[in-house]
Amino acid sequence: MIVRIDQKSNEPLYLQLRSQIIASIALGDLEPGDALPSVRSLASDLGINLHTVNKAYAVLRDEGYVVMRGRSGAYVADPADHAPAQTEAGLVRMDEALFALALEYRAHGGSEEEFVARAAAQAERAYREEC
């Protein structure tokens with residue numbers, strides 16, 4: 001897993017890390033059961049605070065992408081192990097994010113048809129593994 005942090009980005013570092021780990025899972029670079037680097041080692045490798053990595057891992061855990069196994073560390077969760085309520089909560093969160101994007105697009109003067117076309121193009125890109 002290769003992670004690149006942009007210190008100049010407006011996006012918080014923990015969210016940058018979260019997004020890149022999710023992309024690695026989606027693309028199959030990380031598979032269920034794979035261990036993530038320890039908080040200390042990843043923080044050291046990236047030159048960031050260990051609390052930043054810990055926060056990213058906690059968010060990933062709360063969203064169901066990662067399971068924490070005590071002192072053994074963080075591991076990629078198996079989607080098959082998700083409880084229905086956890087899966088539904090994740091879908092609701094994604095629906096809200098898509099809604100927010102649609103509103104933002106509309107506020108910039110974009111039409112519904114344009115938004116749907118752009119969203120479809122990005123979905124196709126994600127499923128063709130071009131992230």
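Evaluation of the salt bridge (charged side-chain N to carboxylate O under 4.0 Å, His left out) rule for Glu104 yields no partner, not counting sequence neighbours. Shown here are the ring pair (Phe, Tyr, Trp, His ring centres under 6.0 Å) partners of Tyr14, two or more places apart in sequence or in another chain: there are none. The ring pair (Phe, Tyr, Trp, His ring centres under 6.0 Å) search around Tyr65 returns none, not counting sequence neighbours.
Taken to the nearest 0.5 Å, the CG atom of Leu13 stands 10.5 Å off from the NZ atom of Lys55. A distance of 11.5 Å separates CG in Leu30 from CD in Gln20, rounded to the nearest 0.5 Å. Rounding to the nearest 0.5 angstrom, the gap separating the CG atom in Leu36 from the OH atom in Tyr75 is 9.5 Å.
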Please lay out, stage by stage, how Arg118 and Glu114 fare under the test salt bridge (Lys or Arg N to Asp or Glu O under 4.0 Å). CA-CA 6 Å; Arg118 290 172 93 61; Glu114 291 169 335; over 6 Å; no

Return a table of donor-acceptor pairs under 3.5 angstrom between the side chains of residues 91-102 and protein atoms on other chains or two or more places apart.
none

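Taking each heavy atom of Ala77 and Gly64 in turn, the nearest pair found is CB-O, 3.3 Å. The minimum heavy-atom distance linking Arg61 with Met68 is given by the pair CD-CG, 3.7 Å.
Legend: salt bridge (Lys or Arg N to Asp or Glu O under 4.0 Å) pairs involving residues 8-23, not counting sequence neighbours, sorted by first then second residue: Arg18-Glu63. Annotation: salt bridge (Lys or Arg N to Asp or Glu O under 4.0 Å) contacts involving residues 27-44, sequence neighbours excluded, are absent.
Linking ILVMFWY residues whenever their side-chain heavy atoms come closer than 4.5 Å, directly or via other members, places Ile22 and Val66 in the same cluster. In terms of hydrophobic clustering, with Ile, Leu, Val, Met, Phe, Trp and Tyr side chains grouped at heavy-atom distances under 4.5 Å, Val59 and Leu17 are assigned to different clusters. Residue Leu50 is grouped with residue Ile48 when hydrophobic side chains (ILVMFWY) are merged at heavy-atom distances under 4.5 angstrom, including chains of intermediate members. Linking ILVMFWY side-chain heavy atoms closer than 4.5 Å, directly or via other members, places Val53 and Val67 in two distinct hydrophobic clusters.
Ser19 places a side-chain N or O within 3.5 Å of a backbone atom of Leu15 that can act as its donor or acceptor partner. Without hydrogens or angle criteria, Ser41 side chain to Ser38 main chain gives a donor-acceptor distance under 3.5 Å.
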